[in-house]
There are 2 protein chains.
Amino acid sequence: MVERISDAEHEIMEVLWQKAPLTATEVADRVADSKGWSLQTVKTLLSRLAAKAVIGTERDGRRFLYSPLVERDTYLAGVSRKFVDRLFGGKVTPLVAHLAEADELSDDDIREIEELLRELKG
Amino acid sequence: MVERISDAEHEIMEVLWQKAPLTATEVADRVADSKGWSLQTVKTLLSRLAAKAVIGTERDGRRFLYSPLVERDTYLAGVSRKFVDRLFGGKVTPLVAHLAEADELSDDDIREIEELLRELKG
DNA sequence: CGCTACTGACTACATCTGTAGTTTCATCGA
DNA sequence: TCGATGAAACTACAGATGTAGTCAGTAGCG
């Protein structure tokens with residue numbers, strides 16, 4: 001069971017999943033555009049993630065290099081499961097049905113998913 | 001935009017979506033099995049939901065009757081959207097792909113979803 | 001060799017969450 | 001009528017979260 005990751009922490013993880021290892025400053029630079037966090041804020045989030053053992057640290061002279069210890073897929077699997085359990089009784093079909101009914105699915109989406117499912121069976 | 005509803009509050013909402021209006025005591029009875037919350041806890045959660053205007057209150061003598069002011073579907077739509085946005089870049093296809101790869105989809109699920117999509121197109 | 005600047009460590013603090021306890025007011029039964 | 005009971009309102013409090021500020025140490029530059 002992967003530790004709970006908060007919304008802000010998740011932003012940091014996305015950066016590290018894209019490229020790692022990175023220093024705190026590099027991470028801060030990469031989130032600077034989307035979020036407007038200060039370097040200190042990013043460092044706090046990195047510390048919390050390290051405390052949860054979701055990322056690892058490696059000394060590099062006077063700085064630290066941070067890398068994810070959890071695969072993005074592993075994390076997504078856990079979160080998706082919790083989400084589907086909590087809101088759709090653990091069944092994926094109602095989720096897809098809901099998204100479809102709520103017009104969240106374009107015709108292209110539908111075609112893509114159909115193709116995907118065909119491959120799965122094959 | 002529906003106000004953020006916490007996990008515990010969501011449990012209360014599920015009860016009210018199933019049947020409403022209900023008194024605080026009735027709600028407490030209905031969550032007693034699954035969660036082990038005290039009546040006081042349930043009342044606190046009801047107050048917070050009422051403060052967020054997610055449920056409405058109606059005086060009934062010396063008690064209150066609580067009812068949802070937000071449809072379950074509306075709520076699900078918002079939460080699902082946020083979920084897909086945050087974790088799958090707003091695209092549903094990668095979500096389905098992920099669930100599929102993570103073996104979260106049984107053959108039956110796949111058949112169900114295919115049928116669902118066929119109806120959508122028709 | 002000493003000062004400056006960058007880095008991690010520690011501290012801060014308001015708000016949200018989970019989980020109640022306590023107080024007060026009204027009502028129903030004896 | 002008066003006390004017990006039940007309901008809402010108010011208070012509590014620790015841990016998580018978002019968002020930093022401050023302190024202290026070290027390495028590199030002059």
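Predicted model only: the values in this text are computed from it and were never measured. Below, read A as the first sequence line, B as the second, and so on, with proteins coming before strands; counting in each chain starts at 1.
Across all strands, Ser38(B) comes closer than 4.0 Å only to sugar-phosphate atoms, never to a base (heavy-atom distances). Nucleic acid contact class of Thr41(A) (heavy atoms, under 4.0 Å, all strands): base.
Remark: Arg62(A) is not in phosphate contact with dG28(D), judged by side-chain N or O atoms under 4.0 Å from OP1 or OP2.
We find the CG-CD distance between Leu45(A) and Gln40(A) to be 11.5 Å, quoted to the nearest 0.5 Å.
Relative to the side chain of Gln40(B), the nucleotides dA20(C), dA20(D), dA12(C) differ in distance, and dA20(C) lies closest. Closest to the side chain of Phe64(A), from the set dA8(D), dA9(C), dT19(D), is dA9(C). The listed nucleotides are dT17(D), dT17(C), dT19(D); the one nearest the side chain of Lys52(B) is dT17(C). The side chain of Thr25(B) has dA7(D) as its nearest neighbour among dG18(D), dA7(D), dG18(C). Closest to the side chain of Lys43(A), from the set dT7(C), dT19(D), dG18(C), is dT7(C). For Tyr66(B), taking side-chain heavy atoms from C-beta onward, the closest of the listed nucleotides dT19(D), dA8(D), dG8(C) is dA8(D).
For Arg59(A) and dG8(C), a side-chain-to-base donor-acceptor distance below 3.5 Å is absent, hydrogens and geometry of angles not being considered. For Arg4(B) against dT17(D), no side-chain N or O and base N or O form a donor-acceptor pair under 3.5 Å. Under 3.5 Å, the side chain of Thr44(A) and the base of dA20(D) form at least one donor-acceptor pair of N or O atoms.
For the residue pair Ser38(A) / Thr41(A), a side-chain donor-acceptor distance below 3.5 Å is found, with atom types taken as modelled.
The separation between Asp7(B) atom CG and dA16(D) atom P is 14 Å, rounded to whole Å. Whole-Å rounding puts the Glu9(B) CD to dT19(C) P distance at 12 Å. In this structure, Glu3(B) atom CD and dC16(C) atom C1' are separated by 12 Å, rounded to whole Å. The CD1 atom of Ile55(A) sits 13 Å away from the C1' atom of dG8(C) (whole-angstrom rounding). Rounded to whole Å, atom C1' of dA20(C) lies 16 Å from atom NZ of Lys35(B). Atom pair Asp29(B):CG and dA7(D):P shows a separation of 10 Å (rounding to whole Å applied). Rounding to whole angstrom units, CD1 of residue Ile5(A) and P of dG18(D) are separated by 12 Å.
A donor-acceptor pair is defined here as one N or O able to donate and one able to accept, closer than 3.5 Å; such a pair exists between the side chain of His98(B) and the backbone of Ala77(A).
The residue among Gly61(A) and Arg48(A) whose nearest nucleotide of DNA chain D lies closer to the 5′ end is Arg48(A).
When every heavy atom of Lys19(B) is checked against every heavy atom of Arg30(B), the shortest pair comes out as CD-NH2, 3.4 Å.
Within the 4.5 Å cutoff, no side-chain heavy atoms of Phe88(A) are placed close to those of Thr93(A).
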